2 protein chains.
Amino acid sequence: MKDVATAAGVALKTVSRVVNDEPGVNPETAARVRAAIDRLGYRRNESARVLRRGRTATIGLVIEDVSDPFYSALNRAVEDVATRNGSLVLTGSSAENPARERELVLTFCDRRVDGLIIVPAGNDHAYLLPELKAGTVAVFADRPPEPGLDLDAVLCDNAGGVGQGVEHLIRHGHRRIAFLGDHPAIFTAAERLHGYRTALEAAGIPADDRLISMGPPGQARMAVELTRMLALPDPPTALLTGNGRLTVTALRVLATRPPPHPALVGFDDFELSDLIVPGVTVIAQNSSGLGRVAAELLFRRLSGHTGPARRIRLPTHLIARGSGELPPP
Amino acid sequence: MKDVATAAGVALKTVSRVVNDEPGVNPETAARVRAAIDRLGYRRNESARVLRRGRTATIGLVIEDVSDPFYSALNRAVEDVATRNGSLVLTGSSAENPARERELVLTFCDRRVDGLIIVPAGNDHAYLLPELKAGTVAVFADRPPEPGLDLDAVLCDNAGGVGQGVEHLIRHGHRRIAFLGDHPAIFTAAERLHGYRTALEAAGIPADDRLISMGPPGQARMAVELTRMLALPDPPTALLTGNGRLTVTALRVLATRPPPHPALVGFDDFELSDLIVPGVTVIAQNSSGLGRVAAELLFRRLSGHTGPARRIRLPTHLIARGSGELPPP
DNA sequence: CCTGCCGCTGACAACGTTGTCAGCCGTGCC
DNA sequence: GGCACGGCTGACAACGTTGTCAGCGGCAGG
């Protein structure tokens, strides 16, 4: 910038004014400065700008895994909103590890991101408090902050979605419906389990703990659990899987078994669910909506909005493709 | 930092030394400083550090779309290598738009990223030259830089991979093999088409232009092209699709037609290809390998390595799952 | 003619670090 | 006792911007 000023025969500050489109510069002078900028190929140093102004025009996004379709759709939606707001996105994968999440968030804060969108892996975000006090804005997505942390959050209607799925299966004649969910320490998994129990209860069907299995979506575990359930004297005639990976794992295990297969409804849509035979009936959640709304809440606060923390629930919707409409034998 | 210095009763510079683990500080003093740091919750301002040192410990990644499985796997691999090297990743989606790519790259450069990994959308990277001269390191992934731009690049063995696929189909008795590729202006699409022609020629089978269709992976276009080809007097008995999205589109179109279906080999593996019936035979490319190797090349250069630009080809491998082993009728 | 104002420009400090260099003190050697 | 040296510490400038304030000349109004 100094060089540009010299080349254009003006002071540093005038160049700064031109670069920032500040008013009060003689058009002729401005033109001369712009010419010098082009000639020298000058580009503003953002780091210095940040140091002086305090805003980085960068937000941080912490998700579980950038390569997971659910989160990468969320990532994309966040990126789109950020671009519209002139911001860039630093993304990090927490691998569902609270320590890694904390490390990422703090590193982002060191970089002075303007705001954070976090899919929390842990339940203790005390480490966030100093940053929040320092003016960093944070929004939680997919899972809420623990009580006491008063932040905006965007969630799916987990219980309601699972409820829709259970009702759908009941409508198709099922009463023995198994639920295969992720580890109940994960907020969404717990909510979905709750939705399952509530819907059964509402239909007057007693929940049977032997038809419930909660844990990580490994294929071995899934094989064991399905085998166990299907060998029961009154086996489930339908399965409800609690997230996309569980659905896929269940499909893989079922593929190793002879028909007839139980009906299946999966929470979370996934690509190609329509190409499998029968098509997989799913409860679609709006992953990009999650990202979009979270980013919008964030930028609203960044542009000065204050107000009580909001908690937004995005609706899910059931897509019938065949697997959920199989009747009980 | 000033506050910490005051609190610990030392000079600014001593705090800086402690924070950076520089040698030559009395352990007692260091302990006092560290205590003050903890007490005040001090965190170093990275922007100021960057301004002073010139290194941001951040790299930029420009891909086509963060939500595309191929690119998000690449993204994850880059992130992993970056983390191991103490760096963060700024990611942007170019949407296959050269102008957007340029904008992203220049914005990243304004932020003084140490290096760039680019999946180029366009063929003109003249805009990169000033940045390269200014010391930014760039590595291309999936597609090479245009001649004259002497940069490291990591590519898949596109022609060889398609060749494998063609040979596989020929081995299963096919001689009428159609090729459905993306727009030939895309480097990988052109290379794959070339591999197709070469492999046919090597087998002594004349290429038939009526069995070749190059263009974007829209379902309408795919439907038209497949209908046209399958209505020929001597229709193709096998299809080779040039990327993941084309494969999926072809599967969707085929699903609307009565059997028997032509054999199918798709370039690029995709999740659930094993759950479709018959399983989809693919030529798997190593998308995370692409990201990993590109990031490794980048960090090698960032740590001082100089040397001629390298061009690395990653092998592909064929995974037979059923659809590519269907015999001709 | 003087005053006040406006449009434009520039000098200077400040943002929070780190690199450079100088200084202090104690120790060991001549 | 004088000197060199090493371990430790600190003062200061610099990185490239932007915010603040002051200054300049011209013009309108009193």
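Note: hydrogens, waters and symmetry copies are ignored here, and every other heavy atom, side chains too, is used. Just so it is clear, the model here is predicted, and its values are computed rather than measured.
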* **Protein-nucleotide distance (A/Arg112, atom CZ; C/dG16, atom C1'), rounded to Å** => 9 Å
* Asked: Reading nucleotides 9-14 of chain D 5' to 3', which nucleotides get B (base under 4.0 Å from a protein heavy atom), which S (sugar-phosphate only), which -?
  -> BBB-BB
* Take A/Cys156 and A/Arg313, measure what side-chain contact (heavy atoms from CB on, under 4.5 Å) needs, and give me the verdict at the end. => CA-CA 5 Å; A/Cys156 280; A/Arg313 287 273 177 186; 5.9 Å; no
* Is the shortest side-chain N to carboxylate O distance from B/Asp80 to B/Arg292 below 4.0 Å? -> no
* To do: Output every pair passing salt bridge (charged side-chain N to carboxylate O under 4.0 Å, His left out) with a member in residues 110-119 of chain A, not counting sequence neighbours, ordered by first then second residue.
  => A/Asp110-B/Arg43
* Rounded distance in Å - CE (A/Met1) to C1' (D/dT17) -> 6 Å
* Which angle, rounded to 10°, do you find between the first-five-pair axis and the last-five-pair axis of the helix from C/dC1-D/dG30 to C/dC30-D/dG1? -> 60°
* Structure fact -> To the nearest angstrom, the CD1-C1' distance between A/Ile37 and D/dT17 comes to 13 Å
* Asked: Does a side-chain N-to-carboxylate-O contact under 4.0 Å join A/Glu46 and A/Arg44?
  -> yes
* **Residue-level proximity of residues 38-49 of chain B to DNA chain D when a heavy atom falls under 4.0 Å** => none
* Could you give me the CA-CA distance, side-chain angles and deciding distance for B/Arg245 and B/Asp68, then say whether salt bridge (charged side-chain N to carboxylate O under 4.0 Å, His left out) is met? => CA-CA 10 Å; B/Arg245 265 169 302 178; B/Asp68 181 290; 3.7 Å; yes
Could you tabulate the donor-acceptor pairs under 3.5 Å formed by side-chain atoms of residues 24-39 of chain B, not counting sequence neighbours?
residue, atom, partner, partner atom, Å
B/Asn26, OD1, B/Glu28, N, 2.8
B/Arg32, NE, B/Ala8, O, 3.1
B/Arg32, NH2, B/Ala8, O, 3.4

* Is the closest side-chain donor-acceptor distance between A/Asn20 and A/Arg49 under 3.5 Å? -> yes
* Asked: Between A/Ser94 (side chain) and A/Ile63 (backbone), is there a donor-acceptor pair under 3.5 Å?
  -> yes
* How would you list, by chain and number, every residue that makes a side chain to side chain contact (heavy atoms under 4.5 Å, CB included) with B/Ser93, sequence neighbours excluded? -> A/Arg76, A/Glu79, B/Asp65, B/Val66
* Does the side chain of A/Glu101 come under 3.5 Å of the side chain of A/Tyr127 through a donor N or O and an acceptor N or O? -> yes
* Using a strict 4.0 Å threshold on nitrogen-to-oxygen distance, state whether B/Glu96 and B/Arg143 make a salt bridge. => yes
* Could you state the atom-to-atom distance from CG of A/Asp3 to C1' of D/dG16 in whole Å? => 11 Å
* **Spacing of A/Asp110 atom CG relative to C/dT17 atom C1', expressed in whole Å** => 13 Å
* Asked: C/dT17 P sits how many Å from B/Glu22 CD, rounded?
  -> 14 Å
